[in-house]
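Okay, so here's the structure we're looking at.
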Amino acid sequence: MPAPISDEQNRLDREALLDAAERLFYERGIQAVGMDEIRAASGLPLKRIYRFFAAKEDLVVAMLKRRDQRWRGNLAAHVERVLDPRERVLAIFDWLAEWFAEPGFRGCAWINAYGELGPSSEAVFAEVRSHKQGFHDQIARWVHAIGLPVAEPVFLLAEGAIVTAGISGDPTPARHARAAVATLLGTP
């Protein structure tokens, strides 16, 4: 009988699985990637993968949740280094510009997942909504500190920049959205 797998090994295997799934799903799309490819990329047997996630949909949701924590955490770390509330809001778009310029940028993982699976996967749709609400709430907190009622337009400009950069492959939409937000916020 094989030795039981430790909690630490379970954690490491789960992370390796999520890393492989995230990379493949983001690069190629969810439906284009089969579980055999995820098995090969993660180095885990299918039986072990299905112990972690009973269905591919469960793996997609877990990957999106983990990506959300990292993505919004990285955004917050960048923005909250800035002390001035107005500049903090503008820093959102500086961070987006850096993200858009990264090699392999393919747009928003949540919009991509929604575009592929749409309302056919209630669980994925719920995770997409959760991410978008979390991103909205982050922006609203930073905008609220300025005291202007412009959280919605700032959020929509950020979302529009993300989608446009994802489609065009050009990071310039972040700069244009930043300029529009600067106009909305007025002169300091």
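Under the 4.0 Å criterion applied to side-chain N and carboxylate O atoms, Arg129 and Glu122 are not assigned as salt-bridge partners. Residues Arg106 and Glu27 are not paired through a salt bridge, judged by the lack of any N-O separation under 4.0 Å between the basic side chain and the carboxylate.
No chain of hydrophobic side-chain contacts below 4.5 Å, direct or via other Ile, Leu, Val, Met, Phe, Trp or Tyr residues, connects Phe105 to Ile111. Note on Val82 and Val89: separate hydrophobic clusters, where clusters join Ile, Leu, Val, Met, Phe, Trp and Tyr whose side-chain heavy atoms are under 4.5 Å apart, directly or indirectly. Using a 4.5 Å cut-off between side-chain heavy atoms of Ile, Leu, Val, Met, Phe, Trp and Tyr, with links allowed through other members, Met35 and Val61 fall into the same hydrophobic cluster. Both Leu117 and Val128 are assigned to one and the same hydrophobic cluster, defined by single-linkage of ILVMFWY side chains at heavy-atom distances under 4.5 Å.
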Derivation of the side chain to side chain contact (heavy atoms under 4.5 Å, CB included) call for Val124 and Tyr114 = CA-CA 7 Å; Val124 171; Tyr114 179 77; over 6 Å; no

inquiry  = If you apply the rule side chain to side chain contact (heavy atoms under 4.5 Å, CB included), what do you find for His131 with Lys65, and how did you get there?
reply    = CA-CA 8 Å; His131 166 75; Lys65 280 181 192 252; over 6 Å; no

inquiry  = Does Gln138 form a side chain to side chain contact (heavy atoms under 4.5 Å, CB included) with Arg141? I'd like the steps, not just the answer.
reply    = CA-CA 5 Å; Gln138 271 184 308; Arg141 277 192 311 277; 3.4 Å; yes

task = Walk me through it: do Trp99 and Ile162 pass the test side chain to side chain contact (heavy atoms under 4.5 Å, CB included)?
result = CA-CA 9 Å; Trp99 176 43; Ile162 293 168; 4.0 Å; yes

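Considering every non-hydrogen atom in both Arg88 and Glu80, the closest pair reads NH2-O, 3.2 Å. Taking all atoms of both residues into account, the shortest heavy-atom contact from Ala97 to Pro171 is O-CB, 4.0 Å. The two residues Trp95 and Asn74 have their closest heavy-atom pair at NE1-O, 3.7 Å. Nearest heavy-atom pair across Phe100 and Ala165 is CD1-CB, 3.4 Å. Considering every non-hydrogen atom in both Ala32 and Glu116, the closest pair reads N-OE1, 4.5 Å. The heavy-atom pair separating Arg14 from Ala62 by the smallest distance is NH2-CB, 4.0 Å.
Distance check: Ile92 CD1 to Ile139 CD1 gives 4.5 Å after rounding to the nearest 0.5 Å. Between Met63 atom CE and Asp19 atom CG the span is 11.5 Å, to the nearest 0.5 Å. A distance of 11.0 Å separates SG of Cys108 from CD1 of Ile167, quoted to the nearest 0.5 Å. Taking OG of Ser121 as the start and NZ of Lys56 as the end, the distance is 11.0 Å to the nearest 0.5 Å. Expressed to the nearest 0.5 Å, how far CZ of Arg178 lies from OG1 of Thr183 amounts to 11.0 Å. A distance of 4.5 Å separates CG in Leu185 from CD1 in Ile146, rounded to the nearest 0.5 Å.
Both the sub-6.0 Å distance and the 45° axial angle are not jointly satisfied by Arg67 relative to the ring of Phe25.
Remark: the backbone N or O of Thr164 is paired with a side-chain donor or acceptor of Ser168 at under 3.5 angstrom. A side-chain donor-acceptor contact under 3.5 Å links Arg86 to the backbone of Gly186. Between the side chain of Asp68 and the backbone N or O of Leu64 there is no donor-acceptor pair closer than 3.5 Å.
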Hey, can you pull the donor-acceptor pairs under 3.5 Å for the side chains in residues 151-161, sequence neighbours left out?
unit_1	atom_1	unit_2	atom_2	d
Glu152	OE1	His136	NE2	3.4
Glu152	OE2	His136	NE2	2.5
Glu159	OE1	Lys132	NZ	2.9
Glu159	OE2	Lys132	NZ	3.0

For residues 44-55, which side-chain donor-acceptor pairs fall under 3.5 Å, sequence neighbours excluded?
unit_1	atom_1	unit_2	atom_2	d
Arg48	NE	Asp13	OD2	2.9
Arg48	NH1	Asn10	OD1	3.2
Arg48	NH2	Asn10	OD1	2.6
Arg48	NH2	Asp13	OD2	2.8

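Residues Phe135 and Trp110 keep their aromatic ring centres 6.0 Å or farther apart.
The closest side-chain heavy-atom distance from Leu75 to Trp142 is below 4.5 Å.
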